[in-house]
Amino acid sequence: MNIKAKIVKSMTATALTAAVLLTGWQTATDVQAASNAVPSYEVKFLLDAGKVLNADGSLQSSVTSEFHITSPADQQLVEYFDTHAQDLNGSGWNVRFRKKEDKKKYELTYKKRFTVTNGDINAALTAANQAGFDSSDDNYEAEVDWGYSKQTLSFSNDKEESASKGLTIPSESKVLNMLVDNIPGKLKNTNGSGWGKDMLKSSRAHGPVIVSKYEGEFS
């Protein structure tokens, strides 16, 4: 009886091992890499301030007429956080804190940038894919910034914190704590475990600057 029991147990273990091996083999062959992200596009033109702005910084009447601008500008405060040596920027990261005057929220944006060389956007998307920024990650929005001299591919992770309306922001230390508390994993572990978080903790505010945003139409 003891011999028979040992044989049955041995056969069962062998069969189970074979099933595990077979299942593992099938899973490995079925796994496929996620496809490249599909970006939106933003075209940017830098204008000669002397030709479009008045002395007080407002738009000249010729510009408001040409672009059919009828509403006043939306005001916002923007500041960026990085170390004195700009270590985050050196690794392709941009950390922004923004407060729009008419919104009851603070906007925290963590943006990873990839260079587009010779207009090859697909190559930049593939490089981003290899770095973990692909179509399967819905925490990031892909966008190509398109200007006269260059194109840049970026992936933005946006977070929010509640606020009251108005054009005010918390102290630099409070803003930094918000940014550190909401840091996404991809930034946190850039260049090694916890590197991004350590760099952000060591960062300071660059700004804030006041931004006036106008909306209009052309052609």
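Quick note: numbers below take in every heavy atom, side chains included, and nothing from hydrogens, waters or symmetry partners. Quick note: residue numbers are just sequence positions, from 1.
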Applying ring-ring contact (aromatic ring centres under 6.0 Å, His included), which residue pairs with at least one partner in residues 46-69 are found, sequence neighbours left out?
-> F67-F218
Polar side-chain atom of N54 near backbone of G57 as donor-acceptor pair, under 3.5 Å = no
Can you measure from CE (M178) to OG (S173) and round to the nearest 0.5 angstrom?
-> 9.5 Å
Throw together a table of side-chain donor-acceptor distances under 3.5 angstrom for residues 147-160, partners on residues two or more places apart or in other chains.
from : atom 1 : to   : atom 2 : distance (Å)
S154 : OG     : E143 : O      : 3.4
D158 : OD1    : T109 : OG1    : 2.9
K159 : NZ     : N182 : O      : 2.7
E160 : OE2    : K105 : NZ     : 3.0

Assess the side chains of S212 and Q75: does a donor N or O sit below 3.5 Å from an acceptor N or O?
-> yes
Compare all side-chain heavy atoms of Y214 with those of P72 and state whether any distance is below 4.5 angstrom.
-> no
Is the centre of the F81 ring less than 6.0 Å from the centre of the F97 ring?
-> no
Got a list of side-chain donor-acceptor pairs under 3.5 Å for residues 193-201, not counting sequence neighbours?
none

When rounded to the nearest 0.5 angstrom, what is the spacing between NZ in K103 and OG in S162?
-> 15.5 Å
Connected via hydrophobic side-chain network under 4.5 Å: Y41 and Y140 = yes
Note, D134 side chain near S35 side chain (heavy atom, < 4.5 Å) | no
Heavy-atom check, side chain of K100 versus side chain of E107, under 4.5 Å | yes
Show me the donor-acceptor pairs, under 3.5 Å and distance only, between side chains in residues 110-118 and residues at least two apart or in other chains.
from : atom 1 : to   : atom 2 : distance (Å)
Y110 : OH     : L179 : O      : 2.6
K112 : NZ     : S91  : O      : 2.5

Does the distance from a Lys or Arg side-chain N to an Asp or Glu carboxylate O, for E42 and K44, drop under 4.0 Å?
-> yes
Is Q86 close to W93 at the side-chain level, that is, under 4.5 Å between some pair of heavy atoms?
-> no
Out of curiosity, S40 OG to E141 CD, how far, rounded to the nearest 0.5 Å?
-> 7.0 Å
Give a yes or no on whether a salt bridge exists between R204 and D82, defined as a side-chain N under 4.0 angstrom from a carboxylate O.
-> no
With a 4.5 Å heavy-atom cut-off, do V52 and Q60 have their side chains touching?
-> no
With a 4.5 Å limit on heavy-atom distance, are the side chains of E79 and I169 in contact?
-> yes
Same apolar cluster: V175 and V211, side chain cutoff 4.5 Å = no
Contacts of K165 that satisfy side chain to side chain contact (heavy atoms under 4.5 Å, CB included) - sequence neighbours left out | K104
Out of curiosity, D181 CG to L108 CG, how far, rounded to the nearest 0.5 Å?
-> 9.5 Å
Is it true that V63 and L46 fall in one hydrophobic cluster, defined by side-chain heavy atoms closer than 4.5 Å?
-> no
Residues two or more places apart in sequence or in another chain: which of them pass side chain to side chain contact (heavy atoms under 4.5 Å, CB included) with L53?
-> A49, L59
D120 and A123 have their tightest heavy-atom pair at OD1-N, 3.1 Å
Are T83 and N89 close enough that some pair of their side-chain heavy atoms sits under 4.5 Å apart?
-> no
Honestly curious: do L167 and V209 fall in one hydrophobic cluster under the side-chain, below-4.5 Å linking rule?
-> no
Check: N122 and N36 side chains under 4.5 Å, non-hydrogen atoms = no
In this structure, are over 12 heavy atoms from other groups packed under 6.0 Å from E215 atom CD?
-> no
Given the rule that I, L, V, M, F, W and Y join up when any side-chain heavy atoms are under 4.5 Å apart, are L77 and Y80 in one cluster?
-> no
One should read off an interatomic distance between H84 NE2 and S203 OG, to the nearest 0.5 angstrom, of 9.0 Å
Interatomic distance, OG@S202 vs CG@D87, rounded to 0.5 Å, equals 8.5 Å
Flag, side chain of E172 to backbone of A205, donor-acceptor distance under 3.5 Å = yes
Nearest heavy-atom pair of P39 and L125: which atoms, and what distance?
-> CD-CD1, 4.0 Å
